[in-house]
J.: 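Sharing a structure below in structure tokens format, with a few things to ask.
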Number of protein chains: 2
Amino acid sequence: MSTGKLTRKGEARRKEILEVFHDVLSCEGLEGASMSKVASRMGVAPSLIMHYFPSKEEMVVALVDHILARYEETFLPRLRGIGDPEERLRAATDLLLGPEWPGLVDEAVFYACYSLGFRDRRVRESFRRMYARLREVLAEEIAALMDEGAVVRGDPWNAADLVITLLEGYDFYRGVMEGEKHFEDFGRFLRETVLTLLGTGGEKELGVSPSQVQARQVPSGEAAASYTRAASAEKARGPGGGARTR
Amino acid sequence: MSTGKLTRKGEARRKEILEVFHDVLSCEGLEGASMSKVASRMGVAPSLIMHYFPSKEEMVVALVDHILARYEETFLPRLRGIGDPEERLRAATDLLLGPEWPGLVDEAVFYACYSLGFRDRRVRESFRRMYARLREVLAEEIAALMDEGAVVRGDPWNAADLVITLLEGYDFYRGVMEGEKHFEDFGRFLRETVLTLLGTGGEKELGVSPSQVQARQVPSGEAAASYTRAASAEKARGPGGGARTR
DNA sequence: AGCATAATTGAATGTTCATTCAATTATGCT
DNA sequence: AGCATAATTGAATGAACATTCAATTATGCT
């Protein structure tokens, strides 16, 4: 985009530089990561790095787009094949809250980039755009569920925001609690909770980690408490009517 | 703790240094914050900084404890005066998700410190300890509610983890979406949602942002869908029976 | 008042950094 | 084959950095 002529070799170099920079950033953080270290780790002259990225800021901005794209390139295609809206939403939340997601991008790198967003306008806007797109997709999915089964009610935008909040809170919390035994339990609990909240959770009850369920009676009628399952309809308008966000 | 003899003046200097460092960190990030800048901003010799903090790492570790303590010093006393467990839990979530919380510590500083936790053992453990304590308090509150009204059911530990997840996800999401009109709506929605989830939400329904509620019928019986309000009891054991966490 | 100790200075060290520039080598196009 | 252009080198620059040390000033205690 911003770079001049690049041959195939040049494109590969550019990508290689970003990947090495990713590694250095993972090990040393924003404070310790430098173009010199990238160069020396690659065994090339520092000036070569600057041939591809005119400044350190350009490099980190490019890295942000690179890692955020990785999320989207994983998320969107995963839903394409699925026809049933309920299954699609379940696949989405399973992916976002599952074991694969945190492995997509190094956590240290992700949060270093996120924290940079408070100082760098372009970084901030890259993040904002990505979450706006994710929000759009999620709201669309939830709205599709509403149109079909009338299982979900309420504002799909709020529901989408809630899913994003749970996703990011869970990732954040993992950074703190990973390795603690209780955190795994909570992961299972959360994956079920979000499904039940969205009305695709089947018969399960909320509030109890599956690992703790033992021979319990499910009250017949409205077992799964869920904001997705109630009377008032008011058919909240779904998304898709253009860019309401930006 | 780790510092030698400090006079009152010395203590004040130490605190002043941490506060200036906080400001520099907020403006320049971990990459740009240096002991030299702290010194020059204070108009003192760089060696004076090193008299109080023998290395940059000591300084940032001290800052982390400083800002994390700010959260706890705000949170804990706020609950002390309140006798009713239901009111206490509401006060807790109102504080954690309300407008005051994000103003306690600069977001840029907070996330810079958090991201440092991926590389620095002591930083990581400070965070872990703080969240473990918050988790303990929240679970205790929720368990107290269970013992009293039997409104809440399920595992209080999972519920506490869920509140923390929502709290941190919300803060993270604010960093991305602050300023967007929809984010304010979502904030109101989330504050009501968490209360309803925990069973202290009164008559409100879930799923619709309050700003969108307009003359709607609340079905009499079990209006508020909530995992806190259902049949099976199974009196999950509350916390307080020692350090189950660490 | 005087002494121990803490607070503070100021200068110096060597390192690493981003960035520059001109020169050289490799590559692709016609 | 040859020429334009891209890829790469290597050396050099100056700034900012964390850290050191010895010397000086302020403070508090008895």
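As a basis for the values below, the full set of heavy atoms in this structure was taken, side chains included, without hydrogen atoms, waters or symmetry mates. Quick caveat, the model's predicted, so the values are computed rather than measured. Each chain gets a letter, A, B and so on, in the order its sequence line appears, and its residues count up from 1.
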J.: Taking the nucleotide of DNA chain C with the nearest heavy atom to each, does A/Ser47 or A/Met35 sit closer to the 5' end?
T.: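 The 5'-side residue here is A/Met35.
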J.: Under 4.0 Å between a side-chain nitrogen and a carboxylate oxygen: does that hold for A/Arg121 and A/Glu125?
T.: yes
J.: Quick check for you: among C/dG10, D/dT8, D/dT27, whose closest atom lies nearest to any side-chain atom of B/Ala45?
T.: C/dG10
J.: Please state whether the rings of B/Tyr170 and B/Phe183 are parallel, tilted or perpendicular, taking 30° and 60° as the class boundaries.
T.: parallel
J.: Counting only Watson-Crick or G-U wobble pairs whose two distances fall under 3.5 Å, which nucleotide matches C/dG14?
T.: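 Paired with C/dG14, as far as the under-3.5 Å criterion goes, is D/dC17.
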J.: When you measure from the side chain of A/Lys56, which nucleotide among C/dT19, C/dA26, C/dA7 comes out closest?
T.: C/dT19
J.: Could you check whether B/Arg119 pairs with A/Glu31 (Lys NZ or Arg NE/NH1/NH2 to Asp/Glu carboxylate O, under 4.0 Å)?
T.: yes
J.: With both distances under 3.5 angstrom, what nucleotide forms a Watson-Crick or G-U wobble pair with D/dG10?
T.: C/dC21
J.: Does a side-chain N-to-carboxylate-O contact under 4.0 Å join B/Arg122 and B/Glu58?
T.: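 Looking at B/Arg122 and B/Glu58, the cut-off is met.
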J.: Tell me what B/Thr7 touches on the nucleic acid: a base, only sugar-phosphate, or nothing, going by heavy atoms under 4.0 Å.
T.: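 Sugar-phosphate: the residue B/Thr7, judged by heavy atoms under 4.0 Å, touches backbone atoms but no base.
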J.: Specify the separation, in whole Å, of atom NE2 of A/His51 and atom C1' of D/dT8.
T.: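 It is 9 Å, rounded to the nearest whole Å.
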J.: Below 4.0 angstrom from OP1 or OP2 of C/dA6, is there any side-chain N or O of B/Tyr52?
T.: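 For C/dA6, neither OP1 nor OP2 has a side-chain N or O of B/Tyr52 closer than 4.0 Å.
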J.: In terms of the nearest nucleotide of DNA chain D, which residue is placed more toward the 5' end: B/Met50 or B/Arg8?
T.: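 The 5'-side residue here is B/Met50.
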J.: Of A/Phe118, A/Phe110, A/Tyr71, which is the lone residue that meets ring-ring contact (aromatic ring centres under 6.0 Å, His included) with A/Phe127?
T.: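 Exactly one candidate clears the test, A/Phe110.
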J.: Just how far, in rounded Å, is P of C/dC17 from CD1 of A/Ile49?
T.: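 Result: 12 Å.
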J.: In whole Å, what is the span from the CZ atom of A/Phe53 to the P atom of C/dT19?
T.: 13 Å
J.: Would you call A/Arg41 and A/Lys37 a side-chain contact if the rule is heavy atoms closer than 4.5 Å?
T.: no
J.: I want to verify a distance call: between C/dT19, D/dC17, D/dT9, whose nearest atom is closest to the A/Pro46 side chain?
T.: C/dT19
J.: Return the pairing partner of C/dT27 with a 3.5 Å limit on both distances, Watson-Crick or G-U wobble; otherwise return none.
T.: D/dA4
J.: Compare the minimum distances between each of D/dA6, D/dC17, C/dT19 and the side chain of A/Lys5, then state the nucleotide with the smallest one.
T.: D/dA6
J.: Rounded to the Å, how far apart are A/Arg14 CZ and D/dA6 P?
T.: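 Interatomic distance, CZ of A/Arg14 to P of D/dA6: 15 Å.
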J.: Where along residues 17-34 of chain A does a heavy atom fall under 4.0 Å from DNA chain C?
T.: A/Ser34
J.: Is any side-chain N of the basic residue among A/Asp161 and A/Arg135 closer than 4.0 Å to the acidic one's carboxylate O?
T.: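 Salt bridge present between A/Asp161 and A/Arg135.
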J.: Can you measure B/Glu11 atom CD to D/dG28 atom C1' for me and round it to whole angstrom units?
T.: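 It works out to 15 Å between those atoms.
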J.: Round to a whole Å and report the spacing from CG of A/Leu48 to C1' of C/dA23.
T.: 15 Å
J.: For A/Arg13 and B/Lys37, take the nucleotide of DNA chain D holding the closest heavy atom to each; which residue's nucleotide lies nearer the 5' end?
T.: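 With A/Arg13 and B/Lys37 compared, the 5'-side residue is A/Arg13.
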J.: Going by an N to O cut-off under 4.0 Å, is there a salt bridge joining B/Arg13 and B/Glu16?
T.: yes
